[in-house]
Amino acid sequence: MNKSDTRLKRIMTAPFSVWMAIFVIVPIGLVLYYAFTSSEGGFTLENIASIWEYRGTYLISIELALVATVICLLMAYPLAYSISKMKARRQQTMVLLVMLPMWMNFLIRTYAWMTILEDTGLINTFIKFLLSLVGYEFEGFTMINTNGAIVLGMVYNFLPYMVLPIYTVLTKIDRSVIEAARDLGAGGMDVFTRVILPQSVPGIISGITMVFVPAVSTFVISKLLGGGMTYLIGDIIENYFLGNTGEVNYNVGAALSLVLMVLILISMGIMNHFDEDAETNGGGLF
Amino acid sequence: MANNIIDLKNISVSFDGEQILKNMNLRIEDKEFLTLLGPSGCGKTTTLRIIAGFLQPDSGDVIFDGKLINGVPAHKRQVNTIFQRYALFTHLNVFENIAFGLRIRKTPEKEIKTAVSEMLELVNLKGFETRDINSLSGGQQQRVAIARALVVKPRVLLLDEPLGALDLKLRKDMQNELKNIQQRLGITFIYVTHDQEEALSMSDKIVVMNNGEIQQIGTPIDIYNEPVNAFVADFIGESNIVDGIMREDFVVDFSGNTFKCLDKGFGKNEAVDVVVRPEDVDVVPYDEGMLKGTVTSVTFKGVHFEIIVDIGGFKWMIQSTDEQFVGDNIGLYIEPDAIHIMKKSEYSGLYGDFSSYSEEFDELSNADAEEEENE
Ligand SMILES: Nc1ncnc2c1ncn2[C@@H]1O[C@H](COP(=O)(O)OP(=O)(O)O)[C@@H](O)[C@H]1O
Ligand SMILES: [Mg+2]
C-alpha cells in the first residue's frame, strides 16, 4: 500500500469519521461527563451510587429482553432455514414478507398491538362473541399491561432482525461443503448439527445482538404495552431526561445510560467469545 | 475376467430438457486409476455425482460391487469424493476436518487419533493438526481434502479436477503423489480432468468424453496411438488429420500421394480420416519429400521447433529439432507406422487442420502466427 492509497482512504472515510465524531464520540463524552458530575458541575460518584436503587429494573429489563431474544431465535432459525431451502423466486418473496412490517412505523405497529390486546380489544371481543353464542358470559383475558405483552411487542418488532442475518449466513454456506459432509457419511441430522448449525453461528450472534440491544433499552414498547405496570430501564432513563414523573436530572439519567451501555458491552463480549469470526458481523456493531 | 467395482449401465441424465449424459455405459475395474477426460461441460462432474449418489440418473443403473445402488443415498455409499474446490469445513481445524468421517462413525477417540496422524503423514502434513483451514495454501488444503476422504477407507475415490487450482510445478508434484497414494492403498481412483497430459501420465485407463458421450476407452498408449475419431485425435495431443482413401489393406492415398501404412480391414476405396502426429513427420530435402510444401510459421518451443507447413492449401504442423525458416520449401517423409487410419465420423473435417491453429493456442504463438500469415 502506498501513500496516495492511504490518503485516498482517509478522504473516502472522512464523512463517516466526522459523523462518528459528532454523533457517537461527543455524545458518549457527554454521557460520561454528566454521569460523573453533580448538578453544580463538580465531580461526584453519587449518580453512579444512586443506581443501586434501580437494580431491580435492570434485572427485569435484561430478563424480558433475554426472553424475547430466545423466543426470536427459536422462531427465526427454523424460518430462516426453511426459506434458505426454497427456490430462488420464493426466497425473495419470503424475505420480502419478513421485512414488510419494518416498512411501517414502529409506533404505529406497537399501537396496533394495543388495540389487539386491550380488554375490549380485538381478541377479547372475538372470544366474548364466540362464548356468548353458547350463552356463556366471559370477562375476557387481561393481556395488555403485562410482561407478556411487552415480550410480545419485542418479539414482534425485532423478529426480522433475527431472521435476516441467520438467513444470510445460511444461504452463504457452500453447497459442496454440505455434500462433502454427506459424502463422509453424515445423514440429515449430522449434517445439520455438525456443519450447518456451526457454520451459521456468526448469523445467530449477529441476530442476538440486533434483537437483544434494542430490546433491553426500549421504552416505547414497555410504555405502550406495559402501560406503566412494568418500568424498564429505558423508561427510567427517559423519565430522568424528560422529567415525565419528577424533576429533570441529566446526571442520574446519564449514569443509568452509562451502566446500561457497560452491561450491553459485557454481554456482547461474552457473545463474541463463542465465535471469533463474529467480529466481522455482530461484533462490528460496537 | 477382471473384477468390476462399478458398472454404469445405460445412464441418461437431462437438465432442463437438455441431455447431459447420453446412454452412458462404463465398467470400472477394482483398484484401477481411471480418468474421465473431456472438454469443460462434457458431463464429467455429472458422471461423478451419479457415482457418489448426489444425482439420480433419469434412466439407467448404477451397480457397485455387483449390487444395484440406484436408490442408495450418498452417505451410505462406500465412495468418497475430492471436490473441485476442496469443500473443507472452515469451522473446524485440520485435525477435526480429517476426523469428521470417523466421528460420524462413532470411532473411539484413540483410534481417531491414530488414523488422523497416519493420514497426515500420508499427505505430508504432520504438525498441521491445530491449524485453521483458512491459513493453509491451496496445495495444503488439497492435501487435507485427500486425507479427509481417505481416512474413512473408501473402496473408490472420486477426484474432480483436484489439481485444477494449483500452479504448474505443484501440480506435477501432486500428480506423482496422488499416483503413489493410489498404488500404495490399492483402491480405485476415478479422476476427472480436462488436461490431456495429466490424463496420459497418471491413468491406467482413460475415458474420453464429449457432449455427454463416451468417445473412446483405452490405455493412455492406445488412446494416443489409436484414436478412434478426429475428436479424440485432436483432443489428445496435436494431430494432423487429413481426408484419405483406403486403396487396399496397408495402402492409403492422401494429399495427392500414396502411402504404406499398417492399417487394414477397411473397405476398398473407403473414405477415411488419416492422422499423423507432428513429431512423427521427418523433414527432408524438397526433392526427396513424399509431401512438399512451404513453411509458413516457425515457433521455438524449447525441446523442438513447431513448424507450420502449407501443403496444397492444407496446413500441417510438424515438430522438428532442426530449425526451418518461413518461406522455405521443404519435403516431408512419413514412416508407415506414423500413419493412423480412422473411420469417418461426425467429427470428420472439424479438427486437425492448422490453418486456424493460432486461435487454439496461447496468445504468444497466436501473435506470431498471425504476423506470419499477414506477410
Ligand atoms: N444442476 C444442473 N442444472 C442444470 N444444468 C447443469 C447442472 N449441472 C450440470 N449442468 C450442465 O450439464 C453440463 C455438464 O456439466 P458437468 O458435468 O459439470 O461438466 P464437466 O464437469 O465435464 O465440465 C453443463 O452444460 C452444465 O451446464
Ligand atoms: Mg466439472
Side-chain angles (χ1 to χ4, degrees), chain A residues 73 77 80-81 84-90 165-209 271-284, chain B residues 45 48-55 72-93 96-107 112 115-116 119 132-135 141 144-154 156-162:
Chain A
L73 180 60
Y77 200 100
Y81 183 75
S84 74
K85 292 226 142 178
M86 292 173 184
K87 293 226 167 70
R89 287 279 294 280
R90 289 229 15 226
I166 294 176
Y167 164 75
T168 308
V169 288
L170 284 175
T171 53
K172 278 203 213 127
I173 295 177
D174 192 352
R175 266 203 66 85
S176 64
V177 171
I178 292 169
E179 286 188 350
R182 283 212 280 143
D183 194 70
L184 291 163
M189 204 56 207
D190 274 324
V191 170
F192 182 75
T193 55
R194 289 172 188 268
V195 179
I196 296 177
L197 194 57
Q199 295 225 345
S200 53
V201 164
I204 295 176
I205 288 182
S206 223
I208 291 179
T209 309
M271 287 296 308
N272 286 350
H273 189 73
F274 285 109
D275 186 84
E276 314 87 17
D277 295 344
E279 257 125 54
T280 47
N281 303 289
Chain B
T45 298
L48 284 196
R49 292 175 63 80
I50 283 176
I51 297 173
F54 296 125
L55 187 67
V72 178
H75 66 275
K76 293 194 177 141
R77 296 193 181 186
Q78 284 176 293
V79 171
N80 287 96
T81 309
I82 307 290
F83 291 83
Q84 217 156 352
R85 274 167 294 111
Y86 317 147
L88 296 174
F89 305 122
T90 45
H91 61 288
L92 301 175
N93 64 17
E96 287 303 326
N97 262 274
I98 299 173
F100 189 92
L102 299 175
R103 295 218 184 281
I104 300 281
R105 287 162 179 72
K106 306 235 174 343
T107 311
I112 292 182
V116 171
M119 279 302 139
D132 199 48
I133 292 301
N134 291 317
S135 74
Q141 293 193 11
V144 176
I146 293 167
R148 182 181 69 172
L150 289 177
V151 78
V152 296
K153 303 204 181 330
V156 176
L157 189 66
L158 310 176
L159 304 97
D160 194 353
E161 311 214 15

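Proteins come first, then strands; the chains are lettered A, B, ... in the order of their sequence lines, and each starts at number 1. Every value quoted in this text rests on a predicted model; they were computed, and no experiment measured them.
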- Task: Look at atom CZ of B:Arg105 and say whether more than 12 heavy atoms of other residues, nucleotides or ligands are closer to it than 6.0 Å.
- Result: yes
Honestly, the part of B:Val79 sitting under 4.5 Å from a heavy atom of chain A is backbone
>> Set out, in order, the CA-CA distance, both residues' side-chain angles and the distance that settles side chain to side chain donor-acceptor pair (under 3.5 Å) for A:Tyr81 and A:Ser200, then state yes or no.
In response: CA-CA 10 Å; A:Tyr81 183 75; A:Ser200 53; over 6 Å; no
When rounded to the nearest 0.5 Å, the distance separating OG1 of A:Thr168 from CD1 of A:Ile173 is 11.5 Å
Cut-off 4.5 Å, heavy atoms of chain B, and the answer for A:Asp183 is both
| task | Compare all side-chain heavy atoms of B:Asn80 with those of B:Leu150 and state whether any distance is below 4.5 angstrom. | result | no
Practice problem: Check for a donor-acceptor pair, side chain of B:His75 on one end and backbone N or O of A:Ala181 on the other, with a separation under 3.5 Å. | Solution: no
Under 4.5 Å to a heavy atom of chain B? For A:Arg175 that would be neither
Applying a strict 4.5 Å limit to non-hydrogen atoms, the region of B:Arg148 in contact with chain A is both
Okay, B:Arg103 and chain A: the region with an atom under 4.5 Å from a heavy atom over there is both
Heaviest contributor of heavy-atom pairs below 4.5 Å to chain B, chosen from A:Gln199, A:Glu179, A:Arg182, is A:Glu179
If one checks every heavy atom of B:Phe89 against chain A at 4.5 Å, the contacting part turns out to be both
Bottom line for B:Leu88: the part with an atom under 4.5 Å from chain A's heavy atoms is backbone
**Asked** Parallel, tilted or perpendicular: which describes the rings of B:Phe83 and B:Phe54, with under 30° parallel and over 60° perpendicular?
**Response** tilted
